[in-house]
Amino acid sequence: MISDRSMGTEPITFPPGFGWGTATASYQIEGAVDADGKVPSVWDTFSHIPGKIFDGTNGDRAADHYNRWAEDVDLLAELGAPFYRFSLAWPRLQFESPGVLNQKGVDFYRRLADALVAKGVTPWVTLFHWDLPQWIEDEGGWPARATAYRFADYAEAAYAALGDHIKYWTTLNEPINPSITSYSQGEHAPGGQDPVAAIKAAHHLLLGHGLAVERIRAAAKPNLELGITINQGPVLPWSDSPADLDAARRVGGIINRFYLDPVLTGQYPADIIADLQQYMSFDHIQDGDMELIGQKLDALGLNNYRRNIVRAGGPDAPARFRPGTLYIGAGDVEVLKRGWPASDRGWEIDPEGMRDLLIHVWRDYDSPPLWVTESGSSWDDVVSPDGQVHDAARVRYLDSYIRGIHQAIVAGVDLRGYFVWSTMDNFEWAFGESSRFGLIYVDFETQVRIRKDSFYWFKDVVARNGIA
Ligand code: IFM
């Protein structure tokens, strides 16, 4: 279905120097999973288990960016967006010994960063976008506190090696996914279904973030910009009934506030902890952890893809706290659709939701400047007989979301940039190669890249710093 959630048609202009960009992640584009000393990640393991990936693919080849990075840098330069956000593959950079990096991995990211800078594109790096080294998972993974310290060691070493080449650093991408999606819902690697493990994983990810912030700050080069990216999917109740209002509180609490509040306020949401304490203890939180997690940042990255409409489960609903749920403490709740136009993933198009999220975070928290570090949509893109990819739906989607963020800026939000997810089609986790988010089409068999219509459209937005 085509997006028609228009946010207007008038020309808009962004503040001078607005940070346009596009984004990718290591496992989703690099391929070359065992090249030059890279060790396996949990995703290498998981994607090879039959039945885990919707279309039976895996990330072994992805977009072969490890070998084609120079061509991709040329495409980014042609696009002209000032920022390119990518992640470092922890298993490409670090072997078993804490602090010791794989020089070939370091060389790859140095070459990439330097080539971007040489072409006028500022690199923005994420330390962890879900490809945990398998050997660390084997030692307990994120449910184990030791992993937070492993992450801090890796972050410190990576910053020492690359901090002269890259100014913008993000610790984690979307911590809900390597915690709840990975250890409770089971849709992501390693496929666990234990809500207690997932809540511990969430804390150890946030602790790893806090420890990494401390280590990187201690070694900071001039002009360091340091932050985290958190995804937020605002939650609305289906009705004003007390049960639906409570369902919205519980779902919003576990998928949004449980991550944002510790980072911005140094505290977990008290209502969610009170709910969950009947099922588990929180003695994995140690003195000093929350101060580390709540340290001041230079930038807050927000990713937003959808808003959730929720209805409380009836008497026959599944248990609130159960294995296999994304909504820990709200496993009874139904997530409904409004029948709005949606992408091919079924995610309803909701640019007002993006706008309102930015206004909410800016007004209701004491936040550093905001950046939309991911926004985009998946469509069933095909190469037309003319050899082009005419992705009108993606153009309309981006038009409406860019107008939405513009309205947030007009409302007073200090929003510094907007990065489209994604630069190019890639390996979309449990959906494999079947879900295309890119501005650049990738033929995964031949690795030929084709600029989609949305590439040219976004290039024009960047060039004019707005929409004509
Ligand atoms: O592809 C993912 C990305 O890795 C994290 N944010 C959401 C995207 C689309 O699902």
Side-chain angles (χ1 to χ4, degrees), residues 140-148 172 174-188 190-210 228 230-238 241-294 308-335 364-365:
W142 287 110
R145 189 175 172 90
T147 301
L172 309 175
E174 302 182 359
I176 188 174
N177 284 312
S179 53
I180 295 183
T181 316
S182 297
Y183 293 101
S184 174
Q185 189 193 29
E187 186 181 299
H188 279 192
Q193 297 215 334
D194 174 356
V196 174
I199 293 290
K200 289 184 180 172
H203 183 68
H204 297 141
L205 277 148
L206 294 174
L207 176 62
H209 155 78
I228 187 172
I230 299 182
N231 58 324
Q232 295 281 288
V235 179
L236 298 175
W238 179 250
S241 74
D244 285 354
L245 290 170
D246 189 61
R249 175 190 67 76
R250 287 183 285 129
V251 173
I254 195 65
I255 69 172
N256 296 323
R257 291 182 288 128
F258 203 71
Y259 297 89
L260 197 60
D261 287 17
V263 167
L264 292 183
T265 73
Q267 291 182 324
Y268 282 107
D271 60 316
I272 300 302
I273 299 291
D275 285 354
L276 297 182
Q277 260 168 342
Q278 57 188 302
Y279 309 110
M280 63 180 287
S281 92
F282 278 81
D283 57 10
H284 58 278
I285 303 177
Q286 297 187 8
D287 287 350
D289 287 1
M290 300 313 295
E291 288 75 18
L292 281 167
I293 294 169
N308 304 281
I309 311 298
V310 299
R311 181 162 65 191
D316 299 330
R320 291 184 176 194
F321 193 86
R322 60 180 170 82
T325 184
L326 184 61
Y327 306 116
I328 296 174
D332 58 312
V333 166
E334 283 178 273
V335 179
D364 298 343
Y365 289 88

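No experiment lies behind these values; they were computed from the predicted model shown.
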Might you point out which heavy atoms bring [X] and [Y] nearest each other, and give the distance in Å?
| X | Y | result |
| --- | --- | --- |
| Leu206 | Leu172 | N-CD1, 4.4 Å |
| Tyr183 | Ala201 | CD1-CB, 3.7 Å |
| Ile328 | Ala198 | CD1-CB, 3.9 Å |
| Leu205 | Pro175 | CD1-O, 3.7 Å |
| Pro195 | Pro323 | CD-CA, 3.9 Å |

Indicate yes or no for a side-chain donor-acceptor contact from [X] to the backbone of [Y] under 3.5 Å, with no hydrogens or angles considered.
| X | Y | result |
| --- | --- | --- |
| Thr147 | Gly141 | yes |
| Tyr327 | Phe321 | no |
| Asn308 | Gly233 | yes |
| Asp261 | Gly266 | no |

Which residue pairs pass the salt bridge (Lys or Arg N to Asp or Glu O under 4.0 Å) test with at least one member in residues 265-277, sequence neighbours excluded?
Arg249-Asp271, Arg249-Asp275, Arg257-Asp271
Working to the nearest 0.5 angstrom, can you tell me the gap between [X] [atom1] and [Y] [atom2]?
| X | Y | atom1 | atom2 | result |
| --- | --- | --- | --- | --- |
| Gln232 | Ile230 | CD | CD1 | 6.5 Å |
| Leu207 | His284 | CG | NE2 | 10.0 Å |
| Asn256 | Ile254 | CG | CD1 | 10.0 Å |
| Leu292 | Gln286 | CG | CD | 11.0 Å |
| Glu174 | Ile228 | CD | CD1 | 11.0 Å |
| His188 | Ile176 | NE2 | CD1 | 10.5 Å |

Is the closest side-chain heavy-atom distance between [X] and [Y] below 4.5 Å?
| X | Y | value |
| --- | --- | --- |
| Pro237 | Val310 | no |
| Ile199 | Tyr279 | no |
| Gln267 | Pro262 | no |
| Asn177 | Asn231 | yes |

Using the test side chain to side chain contact (heavy atoms under 4.5 Å, CB included), find all partners of Ala202 that sit at least two apart in sequence or belong to another chain.
Ser179, Phe258, Tyr259
Partners of Glu187 by side chain to side chain contact (heavy atoms under 4.5 Å, CB included), sequence neighbours excluded?
Thr181, Gln185, Ala430, Phe431
What pairs meet the side chain to side chain donor-acceptor pair (under 3.5 Å) rule with one or both residues in residues 309-322, with sequence neighbours excluded?
Arg311-Glu334
Is there any side chain to side chain donor-acceptor pair (under 3.5 Å) pair reaching into residues 192-204, and which pairs are they, with sequence neighbours excluded?
His203-Tyr268, His203-Asp289
Intermediate values then yes/no, side-chain contact (heavy atoms from CB on, under 4.5 Å), Ser184 and Thr325
CA-CA 6 Å; Ser184 174; Thr325 184; 4.3 Å; yes
Pairing residues for Asp244 by the salt bridge (Lys or Arg N to Asp or Glu O under 4.0 Å) criterion, not counting sequence neighbours:
none
Starting from the C-alpha separation in whole Å, work towards a yes-or-no answer on side-chain contact (heavy atoms from CB on, under 4.5 Å) for Ile180 and Ile255.
CA-CA 9 Å; Ile180 295 183; Ile255 69 172; 5.9 Å; no
